[in-house]
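For reference, the structure discussed in these notes is given below.
For this chain, numbers begin at 1 and follow the sequence in order. Order of listing sets the numbers, starting from 1, for every ligand and every atom in it.
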Amino acid sequence: MSETIPIERLRMDADIVCVGFGPASAGFLATLSKQLVNSDGTPAVESVVMPGMPPQVLCYERADDIGFGVSGIVTRAQALKASFPEIKTAGIPMAAPVGEEKVLYLLDPHGASRRSATLRAADALIRLTKWALPFEHHALNLPWTPSFLHKHDGMILSMGQFMQWVGAQVQGTGAVQIWPGTPVSEALVEDRKVVGVRLLDQGVDKKGNPSDGFTPGMDIHAALTVVADGPVGPIGRQLDEQFGLPDGHRIRDWAIGMKFVVDLPEDTPLKAGTVLHTFGYPEPEIFGFLYVHPDRIASLGIFVPSWFDSPARTAYRYLQHWILHPYLWRHLKGARLRSWGAKTLGESGKHGEPHLAGDGYARIGEGSGSTNVLTGSGVDEAWATGTQLAEAVVELLKAGKPFTKQNLDETYVQRRRASWVEAEGRIAEKSRDGFQKGVVTGMVGMALAGMTNGKLSLGSAPVQPWKRIPTVEDYFDGKISRGEIAKIRDACKTGNVPLHGALMDKAGWPAIPFDGQLLVSHQDALLMGGKVQAPHGCADHVVFLHPELCEKCGERICIEACSGQAIYPGDAGVPNFDREKCVHCGACIWNCSQANPENPERMNIAFRAGAGGLHSAEN
Ligand SMILES: Cc1cc2nc3c(=O)[nH]c(=O)nc-3n(C[C@H](O)[C@H](O)[C@H](O)COP(=O)(O)OP(=O)(O)OC[C@H]3O[C@@H](n4cnc5c(N)ncnc54)[C@H](O)[C@@H]3O)c2cc1C
Ligand code: SF4
Ligand code: SF4
């Protein structure tokens, strides 16, 4: 925010402050909170800021309540089980042990998707020999899948429900405070040392200038700042900007995960614990998942990756086409939407690992590169990194050693390097590079990396996503003529609407048969499913950094791909942003076709700390 008038900020001192309450900080706090107080209630280690008391540990979460993030998950749960041996029988709502697992290759029943010649040939061969294959409803059930994809003995969880359960456990110890609805706006850095965090200003206008009821965000000083704000977190990104990344590392791969939680029809044959993973449709680049919770509830959705070279990659419409695929639709017809949301998944893995520790801070979870891109697993890894940091912190507290980079490297980073998270992360490191060359190379590269423990892989290092985005005309070459695209552009400009709907119609995608209960409009999903809200008096957290670049931008993929329709056409070519529709998925930071002139590793959009978003703890 602009600080032309000096602002008096309140200051509070704590021992440890955490940014974000996702699985990573949940793992950290669950482990730490058990070790701060003795069984007789006396401090096991003493606070520096409140002598005689246990360390003061505060955790600030951006979302309006614990568990309002997105991720219905299947996980091996090895780190979760180590923290909670009773987890399988703990009565966590929507939890189920993993049962039947299937990986399905979905063929395109409409011929609307963009498939390479190799894929079209493979499809033709599958259809020709389908009588001899496990093929039904335009889907091939892969008869064999490599073990690294399996989650045997694992669990299906609703992250929302699990996070609420953990939040209650952690706060029940009395050793930790979690503050939802409290975004952290920046890390406080003095002489390259992180000394705490600043909370978001409230009572400001869209640009952050003081307005009615101005309340400056408080400064929280702490000896240790734990950065656990996920794959697009503003604090992690601030530190990456200030401290740089280790040599050769880069954060260039993401995916947007968009999902529904639904009530399945009463007569569904799908049993709790069922896990379906799909690829091949609605576009070959899009992966899908369906996990069945108890009581006929299912989490289902798709991932649209940043390496999908489409300038109109509209996840919501693709999700509906995926739901309507004949293999899935026979199970989903008659289902009812309970909840909806979207969130970015950081897919750079170890390529994108930042400095894990520095003076006064440590990084954990997906923002620290922990997610395993080969096995599609992030929760267990994030949790494990949190527990490793907690053990290190207890060791340092007990030894009376400060949270310097050296001490954190020798305790936290060393534990992490020696753990399965590191070993499996190394195997996965190059496993997705093949997707830079296409889907078939990507799938073969993944199999190769998985089966050779990462010794072999295909492809090349990822390029910045903005470099990959073609023009609409080039992308639809051969499907929609340039003349027709020009007409679509004119009509959409007149109607002030995005291009993607008209482009998909023209490319042969059938209309969505809205039924008002599962197949609903994007706007209805925002209200019914996401219950999206935005508190008054906060600055816009999505900012178009160089409006002159937007004016000249041909693709405006930020509008086409916005998960909440929160970015929409504006005057003079610069998009508008409507905070009240933003689900905080963070996809706009990589769905932009223009490089940031100050840093070509970033794009022309800033995604800052902001309040509000989804209001559902079922995701
Ligand atoms: C649709 C989808 C499906 C997935 N499925 C699976 C799966 O099946 N299995 C699996 O293992 N993983 C899955 N994942 C990945 C998994 O969700 C992540 O790896 C995991 O959530 C990472 O945990 P984290 O704590 O590092 O980050 P996050 O879960 O992103 O948590 C970060 C937290 O920080 C908060 N935050 C961000 N900025 C601020 C700020 N400025 N101030 C305060 N708080 C802030 C956020 O609101 C959030 O609560 C899936 C992800 C998605 C999107
Ligand atoms: S934010 Fe990026 S994609 Fe959107 S209009 Fe501006 S330059 Fe184009
Ligand atoms: S504006 Fe909000 S909803 Fe749209 S892509 Fe960005 S973060 Fe997601």
Side-chain angles (χ1 to χ4, degrees), residues 18-27 59-63 66-76 151 156-157 159 163 182-186 197 199-200 228-236 255-259 289 291 299 301-303 341-346 364-368 370-372 375-383 385-386 466 469 532 541-542 544-547 549-567 573-575 577-579 581-589 591-594 603-605 607-610 613 619:
C18 295
V19 185
F21 187 67
S25 42
C59 179
Y60 294 105
E61 166 54 44
R62 187 207 67 68
I66 290 174
F68 277 7
V70 169
S71 163
I73 62 143
V74 61
T75 173
R76 277 184 297 162
K151 304 285 187 291
I156 288 174
L157 292 167
M159 258 347 268
M163 291 305 295
T182 318
V184 169
S185 72
E186 62 184 288
V197 297
L199 304 182
L200 195 71
D229 56 352
V232 288
I235 309 308
I256 183 71
M258 187 175 276
K259 64 173 281 198
F289 62 90
Y291 310 143
S299 286
I302 57 168
F303 289 106
K343 180 178 185 290
T344 287
L345 179 71
I364 53 174
E366 195 160 290
S368 75
S370 59
T371 292
N372 189 310
T375 57
S377 173
V379 169
D380 219 21
E381 288 73 5
W383 183 277
T385 62
W466 60 266
I469 297 170
V532 179
H541 53 275
V542 170
F544 308 98
L545 293 170
H546 292 274
L549 287 180
C550 298
E551 281 166 25
K552 286 185 275 176
C553 172
E555 305 330 314
R556 304 215 165 89
I557 183 171
C558 58
I559 296 172
E560 304 301 333
C562 175
S563 302
Q565 295 186 328
I567 302 179
V574 183
F577 172 62
D578 180 352
R579 217 162 50 81
K581 290 185 182 169
C582 178
V583 301
H584 292 256
C585 70
C588 39
I589 60 166
N591 274 327
C592 167
S593 58
Q594 305 295 316
M603 283 134 271
N604 190 29
I605 285 192
F607 179 65
R608 298 179 177 153
N619 284 311

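Judged as a side-chain hydrogen bond (donor to acceptor under 3.5 Å, both in side chains), and not counting sequence neighbours, the contacts of Asn591 are Arg313. Remark: Arg62 engages His584 in a side-chain hydrogen bond (donor to acceptor under 3.5 Å, both in side chains) (not counting sequence neighbours). By the side chain to side chain contact (heavy atoms under 4.5 Å, CB included) test, Ser593 pairs with Ile469, Cys553, Glu555, Ile557, sequence neighbours left out.
Remark: among candidates Asp229, Thr375, Leu199, Thr344, the nearest residue to atom 38 (N) of ligand 1 is Asp229, based on non-hydrogen atoms. Of the candidates Glu366, Glu61, Lys259, it is Glu366 that places a heavy atom closest to atom 19 (O) of ligand 1.
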Original post:
Could you go step by step and tell me if Tyr60 and Phe21 meet the ring-ring contact (aromatic ring centres under 6.0 Å, His included) rule?
Top reply: CA-CA 7 Å; Tyr60 294 105; Phe21 187 67; over 10 Å; no
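For ligand 1, the atoms lying closer than 4.0 Å to a non-hydrogen atom of Ala228 are 32 (C), 33 (C), 34 (O). Of all the atoms in ligand 1, the ones that sit under 4.0 Å from a non-hydrogen atom of Pro183 are 42 (N). Close contacts between ligand 3 and Gly586 involve ligand atoms 7 (S), 8 (Fe) [criterion: under 4.0 Å to a heavy atom]. Using a 4.0 Å cut-off to heavy atoms of Pro234, the atoms of ligand 1 that qualify are 38 (N), 41 (N). For ligand 3, the atoms closer than 4.0 angstrom to any heavy atom of Phe607 are 7 (S). Under a 4.0 Å criterion applied to the non-hydrogen atoms of Gly378, ligand 1 contributes the atoms 10 (C), 11 (O), 12 (N), 19 (O). Near Pro231, meaning under 4.0 Å from one of its heavy atoms, ligand 1 places the atoms 30 (O). Interface atoms of ligand 1 facing Val379, defined by a heavy-atom separation under 4.0 Å, are 10 (C), 11 (O), 12 (N), 16 (C), 19 (O). Those atoms of ligand 1 with a heavy atom of Tyr291 less than 4.0 angstrom away are 8 (O). Close approach of ligand 1 to Gly365 is summarised as follows: ligand atoms under 4.0 Å from at least one heavy atom of the residue are 26 (O).
Proximity of Ser377 to ligand 1 is established by a heavy-atom distance of less than 4.0 Å. Residue contact check for ligand 1: Trp383 places no non-hydrogen atom closer than 4.0 Å to it.
For ligand 2, residues of the protein lying within 4.0 angstrom by heavy-atom distance are Phe544, Cys550, Cys553, Arg556, Ile557, Cys558, Pro575, Cys592, Ser593, Gln594, Asn604, Ile605.
For ligand 1, the polar-atom distance check finds an N/O of Pro23 within less than 3.5 Å of one of the ligand's N/O atoms. Not a single N or O atom of Gly257, backbone or side chain, sits closer than 3.5 Å to an N or O atom of ligand 1. Ligand 1 has no nitrogen or oxygen under 3.5 angstrom from a nitrogen or oxygen of Leu345. Polar contact check, Val184 against ligand 1: a nitrogen or oxygen pair lies under 3.5 Å apart. In terms of polar-atom proximity, Lys343 is counted as a contact of ligand 1, with an N or O under 3.5 Å from an N or O of the ligand. Between Arg62 and ligand 1, at least one pair of N/O atoms sits closer than 3.5 Å. For ligand 1, one of its N or O atoms has an N or O atom of Val74 under 3.5 Å away. At under 3.5 Å, not a single nitrogen or oxygen of Thr182, backbone or side chain, sits near a nitrogen or oxygen of ligand 1.
Distance alone, capped at 3.5 Å, is enough to place a donor-acceptor pair between the Ser370 side chain and the Gly365 backbone.
The closest side-chain donor-acceptor pair between Ser377 and Asp380, if any, does not fall under 3.5 angstrom. Thr371 and Glu366 are linked by a side-chain donor-acceptor pair at a separation below 3.5 angstrom, with hydrogens and angles left out of the test.
Under 4.0 angstrom from ligand 1, the non-hydrogen atoms of Thr371 all belong to its side chain.
At a threshold of 4.5 Å between non-hydrogen side-chain atoms, the residues Ile156 and Ile73 do not count as touching.
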